[in-house]
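The block underneath contains the structure these notes are about, expressed in structure tokens.
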Protein chains: 2
Amino acid sequence: MARITDLALTADVVLFRLAEDTLTVLLIQRHNEPFAAMWALPGGFVDAGETLEEAARRELTEETGAADIPFFEQLYTFGDPGRDPRGRVISVAHLAVVPPGRVAVTAGDDAADVSWYPASSLPPLAFDHDIIISYALKRLRYKLEYADVVFHMVPEVFTLSDLQQAYETILGEPLDKRNFRRKMLQADILDDTGDVRTGEGRPAKLYRLRPDAQPEVKARRLFP
Amino acid sequence: MARITDLALTADVVLFRLAEDTLTVLLIQRHNEPFAAMWALPGGFVDAGETLEEAARRELTEETGAADIPFFEQLYTFGDPGRDPRGRVISVAHLAVVPPGRVAVTAGDDAADVSWYPASSLPPLAFDHDIIISYALKRLRYKLEYADVVFHMVPEVFTLSDLQQAYETILGEPLDKRNFRRKMLQADILDDTGDVRTGEGRPAKLYRLRPDAQPEVKARRLFP
DNA sequence: GCAATAGTGTCTGTTAGACAGTATGGC
DNA sequence: GCCATACTGTCTAACAGACACTATTGC
């Protein structure tokens, strides 16, 4: 066999966000061929001089307006021959999350439309993007147990009920309230802000992630 | 910025093997520029029509003779601009392991020489291969806790001392013998072959991994 | 006082980690 | 009987999971 002649490199992003009790993924409706008018992950070709993550962030911003995302990491590289009808296109997929309401998205550039879709009911997707999202979801759930990523999916200040809701939505299963609170508080990674949030029912204490919580501390296995 | 004009795609392999009480990595001495005569990971350009893993396996075999490796998975993609003086070269790194003595390596093709180096004392390496190996080692140690990979690094039939030795060598720390054996046996993933290995000292029972041990079973966290 | 949500405590079984001596075989 | 290695058991502390009621606020 011979070296590839039509090689191209893209960086794509699976961006998750919680909306009430639904886990959603940011998708764009493609403007151009191939798969014009179908939904797809934001992403695009890597430019000379930029890293893979820079390319992924840039494309995300150009296509959807989402910018400055703290949790952003490489996920997996999808490169099977035939995954793109245009030729040999390698996609370096990234995993990112934002807190609720954090990103006001607007279609730009190559995107005819932009929308958050529930991860559990996605439209038909271009390329192998359905596989990429499945993989991203698996990784997200897995990472949840190490207690870092979830704090990028809730507001900076949150109640324990918020936090539990986030866990339950992502994992797709209910957790026991008393055990959840015990473990979270014993993990010693939360600061009590002293404030409460009022609304319906009894006011709830507000917490934030301890700013000095070291990565290793945060990485304690919370839900084995 | 513009699309990349000099893009190339390589697949590289970090292959680990245990040799007595040392963890070793397979390296090749480069034959061609750039970095001619320096040591590097086996790997090379992906051909049209092959998957990334196929390319990695083919290059490994061409350069070193190592073939048919059961544990072989994608590790991470390294694509910073400037990591290769020839232009924009994206490396999809793979992680693989073999049991002791499993691979008789011989230099082929692009390799002037092939050798197993202790992971703890590597020679100066071409490209960013030192970073890739660090990352692979971190992942290997991490994966060890989930008890699948280690069984690809010991002979098909092994004693509990063999297994403990493998863990200790990879993790770089001693483990308590009684606790180790208790956990391994309680995990219910080992078959007693009924045979023993004699030699110096008291004969040791030989075990093998239970063939029906499901991935999920194997994936139980053994050493948190 | 009712609705709604926040918050709390105990028991039980399992597991992890610390720790030292006995058993078996070859010579 | 000596050397080398395999093998074994107990105690303690921490943790996970099951489980139901009380507390506080707004109305």
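Quick note on labels: first sequence line is chain A, next is B, and so on, each numbered from 1. Worth knowing before you read on, the calculation uses all heavy atoms, side chains too, and leaves out hydrogens, waters and symmetry mates. Computed from a prediction, not measured in an experiment: that's the story for all the values here.
Using cut-offs of 30° and 60° for the angle between ring planes, the Phe127(B) and Phe35(B) rings count as perpendicular.
Between Leu206(A) atom CG and dT5(C) atom P the separation is 16 Å, expressed in whole Å. Separating the CD atom of Gln164(A) from the P atom of dG17(D) is a distance of 14 Å, rounded to the nearest angstrom. The nearest whole Å value for the distance from the CG atom in Leu163(A) to the P atom in dA6(C) is 13 Å. At whole-Å resolution of the value, CD in Glu145(A) and P in dC15(D) are 17 Å apart. Between the CG atom of Asn179(A) and the P atom of dT14(C) there is a distance of 16 Å, given to the nearest Å. Between Asp188(B) atom CG and dT14(C) atom C1' there is a gap of 16 Å when expressed in whole angstrom units. In this entry the distance linking CZ of Arg178(A) with C1' of dG17(D) reads 11 Å, nearest Å. In this structure, Met184(A) places its CE atom 14 Å from P of dC15(D), rounding to the nearest Å.
Side-chain atoms of Arg182(A) and base atoms of dG7(C) include no donor and acceptor less than 3.5 Å apart. Below the 3.5 angstrom threshold, one finds no donor paired with an acceptor across the side chain of Lys205(A) and the base of dG7(C).
Under a 4.0 Å N-O distance rule, the pair Asp192(A)/Lys205(A) qualifies as a salt bridge.
Less than 6.0 angstrom separates the ring centroid of Phe158(B) from the ring centroid of Phe151(B).
Between Met38(A) and His129(A), the closest side-chain pair of non-hydrogen atoms is not below 4.5 Å. Between Leu163(B) and Met184(B) the shortest side-chain heavy-atom distance falls below 4.5 Å.
The shortest distance between the side-chain N/O atoms of Lys183(B) and the OP1/OP2 oxygens of dG17(C) is below 4.0 Å. For the OP1/OP2 pair of dA6(C) and a distance below 4.0 Å, the side-chain nitrogens and oxygens of Arg181(A) include no atom meeting the criterion.
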Collect all protein-nucleotide pairs involving nucleotides 25-27 of chain C in which both atoms are nitrogen or oxygen and the distance is under 3.5 Å.
none

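Between the side chains of Asp12(B) and Ser91(B), at least one donor N or O sits under 3.5 Å from an acceptor N or O. A side-chain N or O of Thr169(B) and one of Gln165(B) form a donor-acceptor pair less than 3.5 Å apart.
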